[in-house]
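What follows is one structure encoded as structure tokens, with my remarks underneath.
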Amino acid sequence: MNALLVVGQIGILRRQFDPVQLFQLLVGFVFGMLIDLNLYLISWLEPVSIWEKAIAQLAGCTILAAGISLEVRCGSITMPGEGFPVAISKVTGVEFPKVKIVVDISLVLLGLIFSYIFFGEWQWHIIGAGTLFAMYYVGWAVRIASHHLKWFDHLLRYRPGFRRYIYGLARYIYRK
């Protein structure tokens with residue numbers, strides 16, 4: 001699926017596609033391994049009741065949204081799941097969080113269609129309530145988080161170096 005999303009980006013962006021974005025495939029692979037490691041490390045955490053599951057889902061989706069907001073804001077190599085909406089957003093001019101929601105809903109619908117094609121029924125243990133919640137909430141939370149990342153833009157613009165320190169010192173002295 002990651003490869004299809006990268007091919008989709010190439011199709012959407014055409015000549016604007018930066019070949020360095022092909023590293024999304026490697027990043028996606030490493031991210032998958034880190035998810036497996038994380039699942040092992042938190043295997044002791046097993047929410048049982050519905051409210052424990054809801055809190056875990058909400059916390060996980062919120063942390064994911066914060067990470068996606070930072071990832072996309074950097075403008076560097078993204079995960080294929082975010083790179084595809086970024087490409088659509090770049091071409092259409094629609095803001096990323098809205099495109100993310102539409103793409104996530106489309107991917108879930110695609111999963112449901114293939115669930116019926118291959119199994120003849122909805123596979124609730126694969127596409128359950130958590131997936132249905134996440135397909136909208138993550139994009140919504142990315143939109144909220146993006147409005148609170150002005151401080152991150154300052155970090156991205158920071159360029160260390162001796163001249164910068166001298167220039168900053170001169171500006172500081174000149175203001176006084």
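Fair warning: this is a prediction, and the values are worked out from it, not measured in the lab. FYI, the numbering just counts along the sequence from 1. Values below: all heavy atoms of this structure, side chains included; hydrogens, waters and symmetry mates excluded.
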Q. Can you name the closest pair of heavy atoms from Gln24 and Thr78 and give their distance?
A. CG-O, 2.9 Å
Q.
Quick check: closest heavy atoms across Pro47 and Ala56, and the distance to 0.1 Å?
A. CG-CB, 4.2 Å
Q) Between Met135 and Tyr116, is there a shared hydrophobic cluster once you connect ILVMFWY residues whose side-chain heavy atoms come closer than 4.5 Å? A) yes
Q.
If hydrophobic clusters are built from ILVMFWY residues whose side chains come within less than 4.5 Å, do Val6 and Val20 share one?
A. no
(Q) Does any part of the side chain of Val99, heavy atoms only, come nearer than 4.5 Å to the side chain of Phe84, both counted from C-beta? (A) no
(Q) Using every non-hydrogen atom in the two residues, find where Val94 and Lys98 come nearest and quote the distance to one decimal. (A) CG1-CB, 4.0 Å
(Q) Would you say Ile35 ends up clustered with Ile77 if hydrophobic residues are merged whenever their side chains have heavy atoms under 4.5 Å apart, either directly or through other cluster members? (A) yes
Q: For residues Ile127 and Leu112, report the shortest heavy-atom separation together with the two atoms involved.
A: CD1-N, 3.6 Å
(Q) Within this structure, what is the NZ-CD distance for the pair Lys53 and Glu46, rounded to the nearest 0.5 Å? (A) 9.0 Å
(Q) Which heavy atom of Thr131 sits nearest to which heavy atom of Ile126, and what is that distance? (A) OG1-O, 3.7 Å
Q: Would you sort out whether Glu121 and Gln123 count as a side chain to side chain contact (heavy atoms under 4.5 Å, CB included), showing the intermediate values?
A: CA-CA 6 Å; Glu121 63 183 4; Gln123 299 293 305; 3.4 Å; yes
Q.
Taking CZ in Phe133 as the centre, count heavy atoms belonging to other residues, nucleotides or ligands within less than 6.0 Å. Is the count above 12?
A. yes
Q | Minimum heavy-atom distance between Ala65 and Val142, given as atom pair plus value | A | O-CG2, 3.6 Å
Q) At what distance, to the nearest 0.5 angstrom, does CD of Gln16 lie from CD of Gln21? A) 12.5 Å
Q: To the nearest 0.5 angstrom, please state how far the CG atom of Asn38 sits from the OG atom of Ser43.
A: 10.0 Å
Q) Do Leu70 and Leu149 have side chains that get closer than 4.5 Å, going by heavy atoms? A) yes
Q) Does any non-hydrogen side-chain atom of Glu95 lie less than 4.5 Å from one of Arg143? A) yes
Q: Indicate yes or no for a side-chain donor-acceptor contact from Ser89 to the backbone of Pro85 under 3.5 Å, with no hydrogens or angles considered.
A: no
(Q) Donor-acceptor pair, distance only, cut-off 3.5 Å: does the side chain of Gln9 make one with the backbone of Ala87? (A) no
Q.
Checking Trp124 now: which residues fulfil side-chain hydrogen bond (donor to acceptor under 3.5 Å, both in side chains) with it, not counting sequence neighbours?
A. none
Q) Out of curiosity, Ile68 CD1 to Ile63 CD1, how far, rounded to the nearest 0.5 Å? A) 12.0 Å
Q: Tell me, yes or no, whether the heavy-atom count around Phe17 atom CZ, taken from other residues, nucleotides or ligands under 6.0 Å, exceeds 12.
A: yes
Q. Heavy-atom count around Ile50 CD1 within 6.0 Å, excluding the residue itself: above 12?
A. no
Q | Path from Ile101 to Leu64 over hydrophobic side-chain contacts below 4.5 Å | A | no
Q) Distance from Leu110 atom CG to Leu4 atom CG, nearest 0.5 Å? A) 9.5 Å
Q. CG/Leu39 to CD1/Ile42 distance, rounded to the nearest 0.5 angstrom?
A. 6.0 Å
(Q) I'd like to know if Val103 and Leu132 are part of one continuous hydrophobic network [Ile/Leu/Val/Met/Phe/Trp/Tyr, side-chain heavy atoms within less than 4.5 Å]. (A) no
